[in-house]
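Everything on this sheet refers to the single structure shown next.
Computed from a predicted structure; not experimentally measured. All ligand and atom numbering here is 1-based and tracks the order in the structure.
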Amino acid sequence: MSILVLGGAGYIGSHAVYQLIDQNHRVVVVDSLETGHRQAVHPDAAYYQGDIRDKQFLDDVFTKEDIDAVLHFSANSLVGESMQQPLKYFSNNVYGTQVLLETMKEHNVNRIVFSSTAATYGEPETVPITEDMRTNPESTYGETKLTMEKMMKWCALAYGIKYVSLRYFNVAGARKTGEIGEDHQPETHLIPIVLQTALEQRKAITIFGEDYDTEDGTCIRDYIHVEDLIDAHLLALSYLENGGESEIFNLGSNQGFSVKQIIDTARKVTGKQIPAVSGERRPGDPSVLIASADKAKRILGWQPSRTSIETIIEDAWNWHHTHPHGYDGGAEA
Ligand code: UDP
């Protein structure tokens, strides 16, 4: 039996594949390489390049392979782009998931663990955010992820496809061994941009807003190490295998760090100056997002172990300074 990882050539998906293979699972990767990297696919995984909206392609994979459960990471995930090109997001994320669920139903595959996002909540009324709080996405991206969750809810009722939806907060870091890491084109996330500035690939990091109602005026986010995040996916797979009901869980560290704290920590970790300049607020950015991950700890038995922001930035730095041009440049000593 195999675990099918959709989006297994992407940042988070590739980390899932490596951990599954560490645990001796047989893994099948599907990726369109629209944003993923062929080099990020573990050499021991079976690999199929294609788009999940292509029903014939997906049918062939499910026919050739003996799929036990699905980990679904394939989606477009840029908030800004989703506001400019909403239909691209509805097509790839929502329609893609519809085709996937149809295929799962036809092939009697009835377990799926799915990557969702804190963007489903929008601006929270209070923090830490628990799963029972109101969802009110403020971006097309968040809306498509919420729609995907709802599609799964009704498919669970009608067809018995059980799902776990994992709402990620800010994912960062990289596998310790350094073979895989974060490589987005274009890069929009804070920690990689700060580290690219440390590598002098950028002149300065622009801080998006210093007038928020927070202690130092910059936005606060909850950062979670990608390897801890994947631990939760593996626990979710076991939970479903053991007959667990469909559920939604937040994945975060229950702690918040400001943009300035991240830059200061990166200066300590890298020993580099990392110039920072003040910029405008980025539209749609809530001031504070912090998860309560108590439900995942209670029900899945999840115990994140790499929660310190120093560890997260050290592991990200290990990847960035050995791969200054991501996958395209190859590794440097
Ligand atoms: N941020 C910033 N400068 C940048 C990129 C991000 O000040 O060049 C801020 C952003 O406004 C947010 C935080 O860093 O408050 C984290 O942003 P990121 O895009 O990494 O994740 P998000 O919170 O949007 O999921």
Side-chain angles (χ1 to χ4, degrees), residues 10-12 35 73 75-84 89 93 115-124 127-129 135 137-146 166-174 181-226 229 250-253 255-267 274-291 309 312-313 315-317 319-320:
Y11 167 46
I12 300 174
T35 53
F73 299 97
N76 293 121
S77 62
L78 300 178
V79 170
E81 183 189 62
S82 80
M83 304 302 281
Q84 306 300 323
Y89 278 68
N93 297 2
S115 48
S116 186
T117 169
T120 52
Y121 294 108
E123 177 83 45
V127 293
I129 300 172
T135 46
E138 286 173 4
S139 66
T140 310
Y141 167 62
E143 190 77 71
T144 59
K145 288 280 177 169
L146 188 60
L166 299 173
R167 291 183 177 161
Y168 307 163
F169 282 65
N170 289 62
V171 187
E182 191 165 6
D183 179 4
H184 294 120
Q185 305 286 343
E187 189 51 77
T188 63
H189 294 109
L190 179 65
I191 290 178
I193 290 179
V194 167
L195 297 178
Q196 288 171 356
T197 312
L199 286 169
E200 296 178 16
Q201 293 173 348
R202 298 171 187 259
K203 280 204 183 73
I205 167 87
T206 303
I207 299 173
F208 295 151
E210 294 193 70
D211 57 349
Y212 285 94
D213 187 15
T214 60
E215 203 159 304
D216 65 19
T218 65
C219 286
I220 292 179
R221 293 287 179 275
D222 180 337
Y223 295 86
I224 182 79
H225 197 296
V226 62
L229 186 93
N250 288 339
L251 297 181
S253 71
Q255 304 175 66
F257 292 93
S258 72
V259 172
K260 282 189 175 165
Q261 285 176 311
I262 295 293
I263 298 170
D264 282 343
T265 309
R267 287 179 178 138
I274 314 185
V277 295
S278 188
E280 295 293 309
R281 286 185 178 199
R282 186 171 64 177
D285 268 346
S287 57
V288 182
L289 287 177
I290 300 173
I309 200 66
I312 293 175
I313 294 176
D315 290 350
W317 178 236
W319 160 258
H320 281 281

Practice problem: Examine distances only and state if a side-chain atom of E187 and a backbone atom of H189 form a donor-acceptor pair shorter than 3.5 Å. | Solution: yes
Exercise. Taking only heavy atoms of I193 into account, list the atoms of ligand 1 that are under 4.0 Å away from them.
Key: 8 (O)
Quiz item: Is there side-chain contact between I263 and V259, with heavy atoms separated by less than 4.5 Å?
Solution: yes
Exercise. Provide, to 0.1 Å, the distance between atom 23 (O) of ligand 1 and the closest protein heavy atom, together with that atom's residue and name.
Key: R221 NE, 2.8 Å
Quiz item: Does ligand 1 have a heavy atom under 4.0 Å from the side chain of T206, from its backbone, from both, or from neither?
Solution: backbone
Quiz item: Of all the non-hydrogen atoms in the protein, which one sits nearest to atom 2 (C) of ligand 1, and at what distance?
Solution: F208 CD1, 3.4 Å
Quiz prompt | For Y168, all residues meeting side-chain contact (heavy atoms from CB on, under 4.5 Å), sequence neighbours excluded | solution = I12, F73, S115, L166, V171, L229, H233, L251
Quiz item: Mind checking whether I207 and S278 have side chains closer than 4.5 Å, heavy atoms only?
Solution: no
Exercise. Using a 4.0 Å heavy-atom threshold (strictly under), name the region of T218 that reaches ligand 1: side chain, backbone, both or neither.
Key: neither
Exercise. Would you mind listing which atoms of ligand 1 come within a distance below 4.0 Å of any non-hydrogen atom of I207?
Key: 7 (O)
Quiz item: Picking from Q201, H320, R202, what satisfies side chain to side chain donor-acceptor pair (under 3.5 Å) with Q196?
Solution: R202
Exercise. Pull out every atom of ligand 1 sitting under 4.0 Å from any heavy atom of T188, numbered as shown with elements.
Key: 5 (C), 19 (O)
Practice problem: Answer side chain, backbone, both or neither: which part of H189 comes under 4.0 Å from ligand 1, heavy atoms only. | Solution: both
Quiz item: Which residue owns the protein heavy atom closest to atom 19 (O) of ligand 1, what's the atom, and how far is it?
Solution: R282 NH2, 3.0 Å
Exercise. For atom 9 (C) of ligand 1, grab the closest protein heavy atom and report residue, atom and distance to one decimal in Å.
Key: V259 CG2, 3.7 Å
Self-check item: Any donor-acceptor N/O pair, D222 side chain to L289 backbone, under 3.5 Å
Solution: no
Quiz item: Under 4.0 angstrom from ligand 1, any heavy atom of Y223?
Solution: yes
Quiz item: Okay, side chain of D285, backbone of C219: is any donor-acceptor separation there less than 3.5 Å?
Solution: no
Self-check item: Flag for E81-Y89: side-chain donor and acceptor within less than 3.5 Å
Solution: yes
Self-check item: A198: partners by side-chain contact (heavy atoms from CB on, under 4.5 Å), with sequence neighbours left out
Solution: T270, K272, I274, W317
Quiz prompt | Nearest-contact summary for atom 11 (O) of ligand 1 - protein heavy atom, Å | solution = D285 OD2, 2.5 Å
Quiz prompt | N/O separation below 3.5 Å, C219 to ligand 1 | solution = no
Practice problem: Heavy-atom contacts with I205 under 4.0 Å: which atoms of ligand 1 show up? List them by number with element. | Solution: 3 (N), 4 (C), 8 (O)
Practice problem: Please confirm whether L190 comes within less than 3.5 Å of ligand 1 when only nitrogen or oxygen atoms on both sides are compared. | Solution: yes
Quiz item: How far is atom 25 (O) of ligand 1 from its nearest protein heavy atom, and which residue and atom is that?
Solution: N170 ND2, 3.6 Å
Quiz prompt | Side-chain (N93) to main-chain (N76) donor-acceptor, under 3.5 angstrom | solution = yes
